[in-house]
Amino acid sequence: MGYEDYEIVMGLEVHSELKTNTKIFCDCKNEFGGEPNTHCCPICTGMPGTLPVLNGKVVEYAIKAGLATNCKINQFSKQDRKNYFYPDLPKAYQVSQFDLPLCYEGEVEIEVEGEIRKIGITRIHIEEDAGKLNHEIGGTLVDYNRCGIPLIEIVSEPDFRSPVEVGIYMEKLRTILLYADVSDCKMNEGSLRCDVNLSVRKKGEKTLGTRTEMKNINSFSFAVKAAEYEAKRQIKVLESGGTIIQETRRWDEAKGVTISMRTKEEAHDYRYFPEPDLMPIITTDEQILNWKASLPIMPDVRKANYINDYELGSKEASILVASRKIADFFEAGASCSKNPKAVANWIISEVYSRLNEDEKEQGPMPIKGEDLGNLVNLIEEGTISGKMAKTVFEKMWQTGKSPVTIVDEEGLKQNSDEDALRTIATDVLNSNAKIVADYLGGKEAAIQSLMGQMMKATKGKANPKMVIDLLKELLEAMR
Amino acid sequence: MLYQKSVSALQHMLQNKEVTSEEVTQSYLDRIEMVDKKVGAYITVASESALATARAVDEKRNKGEVLSPFAGIPIGIKDNMCTEGLRTTCASKMLDNFVPPFDATIINKIKENDMIILGKLNMDEFAMGSSTENSAYHVTKNPWDLEYVPGGSSGGSAAAVAAELAPFTLGSDTGGSIRQPAHYCGVVGMKPTYGRVSRYGLIAFASSLDQIGPLTRDVRDAALALNLICGHDRMDSSSAFMDTPDFTTYLDQDIKGMRIALPREFMGEGIAEDVKASILSAVKILEHMGAVVDEVHMEMTEYALPSYYLISSAEASSNLARFDGIKYGHQAGDYDTLVELYKQSRDEGFGAEVKRRIMLGTYALSSGYYDAYYKKAQQVRTLIKNQFDLLFAEYDLVLTPTGPTTAFKIGAKVNNPIEMYLNDICTVPINIAGLPAISLNSGFDRMGLPIGLQLIGKGFDEGTILKVAHAYEQARVLDKVRPEL
């Protein structure tokens with residue numbers, strides 16, 4: 001027996017920070033960073049006597065995330081206390097949700113090697129983030145700035161069968177949350193992190209193996225690597241006759257291994273009970289309808305539309321919908337363009353190469369989608385050449401001006417005057433007798449050289465298709 | 001003497017400039033200086049800030065500024081309400097050094113009304129207890145007999161009013177902690193409906209039961225105090241969206257035809273004869289004034305006490321977990337690991353009763369026991385609420401003794417927690433149901449110790465309670481008015 005005789009079963013718990021203006025239970029700003037303990041107040045530092053008041057936006061954003069992942073909504077929901085001692089948790093309990101999460105029974109589709117896989121969403125609940133410990137020589141310091149940042153925890157069904165799927169799912173979830181505009185999903189700021197639950201079993205077995213949990217992984221690639229390592233480790237243990245211990249493990253990126261943190265026996269009894277300081281969360285049909293209506297068209301639907309309406313390939317469509325900003329940009333360009341496919345190609349080849357990863361997702365675009373559509377139209381109409389279009393695009397990118405303005409201002413309009421071009425072509429043929437002789441002698445490639453001379457004579461503005469046709473016509477007449 | 005005046009009398013005198021706030025405040029500070037050595041009602045006396053505030057209010061009044069009717073009136077605060085810049089201990093070693101960086105909503109109101117905070121009052125540690133013997137500082141004595149307890153947990157608040165160490169005080173009531181000491185000390189103690197008074201800044205014992213309320217000399221002052229402290233607060237999610245009426249409009253009214261229920265279960269076994277007799281004579285007075293009093297049967301009451309101790313301890317075990325020696329309060333000096341720091345700090349900082357409740361509550365919430373204890377207790381809670389609803393479908397008020405006995409001797413029950421818990425048997429069902437209730441003096445027992453009568457009302461119907469309590473207060477005849485100190 002070996003690795004290939006086993007099936008890996010994984011479930012994910014993804015934590016995502018919501019981008020509300022203020023924290024979940026107080027008026028402190030929801031901002032990343034800042035000097036330690038400057039973004040907190042008596043409430044989020046758990047001073048005795050303080051009370052939480054739920055930020056309504058947190059409910060709205062969490063439910064939007066649920067609607068975007070096809071979840072059902074608990075219109076009567078409540079919050080619960082999860083009790084445990086740790087210095088980053090000032091109240092020694094985290095306000096979370098236990099048995100009545102806001103959202104449940106959803107589903108996310110992922111594409112794995114061309115095949116569609118459905119990943120079940122068990123639940124999405126809201127909770128407060130904890131602070132941060134800074135271990136320094138001589139002691140540990142606590143920074144409470146992050147306390148009370150609103151989080152959603154998205155719990156999946158154990159539907160993953162390979163580590164690759166984990167990476168694809170997380171990318172997909174990230175895209176969905178960005179589309180729903182409820183989270184910044186900045187991995188480097190920890191606003192998206194995940195716990196991976198993993199077990200293995202012999203192929204064909206029905207019962208699940210004992211699982212281990214890897215906590216707080218803050219990168220997609222780490223999640224995939226941790227899952228790969230952990231699956232191999234468990235199989236090795238089983239193959240050598242051992243048993244898997246239910247435990248929490250930590251991914252050590254530097255060493256590339258998972259390390260045991262605590263076993264089930266050492267696990268916390270969180271003593272969940274309904275948070276008596278907060279009232280039940282009741283949402284109306286009207287609220288849910290409004291939130292649903294405010295969501296943009298989701299990437300899966302857009303992708304299907306691009307393939308059907310614009311005849312894009314699946315791969316191109318996937319690239320475009322990966323970011324809502326780019327998808328919106330594409331749609332603006334495609335809707336006013338005679339050749340949407342060309343707009344897509346321009347985005348994939350030219351726009352993408354000019355944007356870094358962050359810029360692909362947020363911030364203003366230097367040009368409007370409509371302008372890219374019009375640039376493509378100028379090529380289609382023969383007003384400018386494809387080569388000239390690259391120059392125009394560069395100018396658009398730098399100045400934000402429309403392609404028509406740039407073509408006018410710079411006099412870049414293509415020369416399509418047949419009589420004028422015929423005169424120039426005749427001159428070129430007369431002054432390049434040797435090249436003409438080569439062509440007529442069978443070296444057809446020599447026509448490129450003549451083409452070059454034409455472009456030089458017209459400062460690159462000659463309509464290339466007309467030039468080729470003209471040259472061929474004149475040369476053939478010389479035979 | 002000024003310190004003998006009621007709040008309503010002081011308001012009148014201050015508004016008519018017959019007296020200054022400084023004079024009133026000084027009169028109380030002198031009285032505290034003289035008498036509190038014997039009684040021990042206060043943990044912290046804020047003499048300097050009290051006098052400074054009083055002078056500032058007098059200045060405002062002299063300039064002709066329009067002031068709140070409470071401007072210049074002194075008040076004493078139970079030491080579990082956060083006062084910015086003024087030590088707030090919960091009578092615990094754990095918070096011996098805790099100076100809150102913020103004011104409770106109730107303290108904001110007091111300050112906005114230009115009132116004078118005399119100081120912080122003694123209590124059972126974290127409001128857990130019925131005798132104020134669980135204070136980490138000292139035992140407060142019952143002003144009627146210094147060998148007896150004043151009740152608890154708001155023992156300092158009740159003793160201060162009885163001993164005239166404040167015109168009125170604020171207490172908190174989780175299972176009877178305002179009403180039971182009011183009963184033991186012969187003063188008026190009122191627990192408003194859960195949600196009437198903001199809990200923001202009240203250091204929590206049991207969040208779903210805690211409620212702030214006043215301890216006063218008479219029913220009129222209680223109505224005035226409710227006008228001051230009630231109202232919605234956006235900082236407290238359990239705060240009700242209810243308008244606050246002028247509670248004094250319920251006073252001086254005819255109570256003819258009022259229907260009052262007298263549940264047998266609160267007048268049976270375990271209730272002292274003197275208490276029973278006093279309640280029955282109160283019933284006669286009420287009937288004489290035209291009220292209709294019926295003996296009724298009320299099911300489930302025997303389950304109220306165990307349910308209360310499960311729910312309150314469970315919530316307390318979580319509420320008190322934040323006292324871990326990391327951020328504020330007592331921190332152990334000697335530790336090697338994080339767990340040791342927690343254990344040592346909590347072991348040194350908390351007293352025996354607080355530890356007992358934390359253990360009880362932790363157990364009740366533990367995985368495997370939750371359904372049998374916490375969940376079951378919550379179910380009983382619903383049933384008890386239903387019982388009250390049934391009664392209130394037919395009656396305007398429910399009348400009971402406030403406690404089974406009068407005050408007991410200091411030290412008499414410290415080694416018997418169950419017997420101590422039984423003191424709360426008449427008061428906890430009201431917290432369980434979230435209802436308003438008042439305790440006022442209905443006489444004295446053969447030892448000369450006060451007896452309290454409890455009137456329970458419908459949710460948010462404090463007005464009817466005040467109406468009947470005031471009528472009774474006007475009609476009753478007491479052998480003595482104030483303790484000799």
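Note on naming: letters A, B, ... go to the chains in the order of the sequence lines (proteins, then strands), and numbering restarts at 1 for each one. Remember, it's a predicted structure, so these values are computed and weren't measured experimentally. Hydrogens, waters and symmetry mates are skipped; everything else that's a heavy atom, side chains included, is used.
A salt bridge links A:Lys215 with A:Glu213: at least one charged nitrogen is closer than 4.0 Å to a carboxylate oxygen.
Interface residues of residues 270-280 of chain A toward chain B, defined by a heavy-atom distance below 4.5 Å and sorted by number: A:Arg271, A:Tyr272, A:Phe273, A:Pro274, A:Pro276, A:Asp277, A:Leu278, A:Met279. Within residues 93-100 of chain A, the residues that have a heavy atom under 4.5 Å from a heavy atom of chain B are A:Tyr93, listed by number.
Most heavy-atom pairs under 4.5 Å with chain A, from the set B:Asn319, B:Asp210, B:Leu341: that is B:Asn319. When each of B:Gly325, B:Ser238, B:Ala321 is checked for heavy-atom pairs under 4.5 Å with chain A, B:Ala321 comes out on top. In terms of heavy-atom pairs under 4.5 Å with chain B, the best-connected choice from A:Asp27, A:Thr45, A:Leu89 is A:Asp27. For the set B:Lys375, B:Glu315, B:Gln378, the count of heavy-atom pairs under 4.5 angstrom toward chain A peaks at B:Glu315.
A:Leu133 meets the side chain to side chain contact (heavy atoms under 4.5 Å, CB included) test with A:Tyr86, A:Pro87, A:Asp88, A:His135, A:Thr140, A:Val142; sequence neighbours excluded. Every residue two or more places apart in sequence or in another chain was checked for a side chain to side chain donor-acceptor pair (under 3.5 Å) with A:Arg262, and none qualifies.
Only the side chain of B:Phe323 comes within contact range of chain A, judged by heavy atoms closer than 4.5 Å. Residue contact with chain A, scored on non-hydrogen atoms closer than 4.5 Å, involves the side chain of B:Ile326 exclusively. When heavy atoms are compared at a cutoff of 4.5 Å, B:Thr362 approaches chain A by way of both its backbone and its side chain. The contact between B:Leu338 and chain A is made entirely by side chain atoms (from C-beta outward), counting heavy-atom distances below 4.5 Å. Contacts between B:Asn80 and chain A at a heavy-atom distance below 4.5 Å are absent for every atom of the residue. Only the side chain of A:Pro42 has a heavy atom closer than 4.5 Å to any heavy atom of chain B.
Residue A:Lys132 places its NZ atom among 12 or fewer non-hydrogen atoms of other residues, nucleotides or ligands, all under 6.0 Å distant. Residue-environment remark: CZ (B:Arg346) exceeds the threshold of 12 foreign heavy atoms within 6.0 Å. Atom NZ of B:Lys343 sits in a sparse spot, with 12 or fewer heavy atoms from other residues, nucleotides or ligands closer than 6.0 Å. In this structure, B:Tyr370 places its OH atom where more than 12 heavy-atom neighbours from other residues, nucleotides or ligands lie under 6.0 Å away.
For the salt bridge (charged side-chain N to carboxylate O under 4.0 Å, His left out) test with A:Glu128, the passing option among A:Lys82, A:Lys91, A:Arg81 is A:Lys91; the others fail. The ring-ring contact (aromatic ring centres under 6.0 Å, His included) test with B:Tyr363 singles out one residue from B:Tyr374, B:Tyr309, B:Tyr369, and that residue is B:Tyr369.
Side chain of B:Arg322 to backbone of A:Gly46: a donor-acceptor contact under 3.5 angstrom is found. When atom types are taken as modelled, the side chain of A:Ser199 and the backbone of A:Arg211 share no donor-acceptor pair closer than 3.5 angstrom. Judged by distance alone, the side chain of B:Asp236 and the main-chain N or O of A:Leu51 form no donor-acceptor pair under 3.5 Å.
Aromatic ring pairs are classed by plane angle as parallel below 30°, tilted from 30° to 60° and perpendicular above 60°; the pair B:Tyr342 and A:Phe85 is tilted.
Taking CG of B:Leu360 as the reference point, atom OG of B:Ser312 lies at 8.0 Å (rounded to 0.5 Å).
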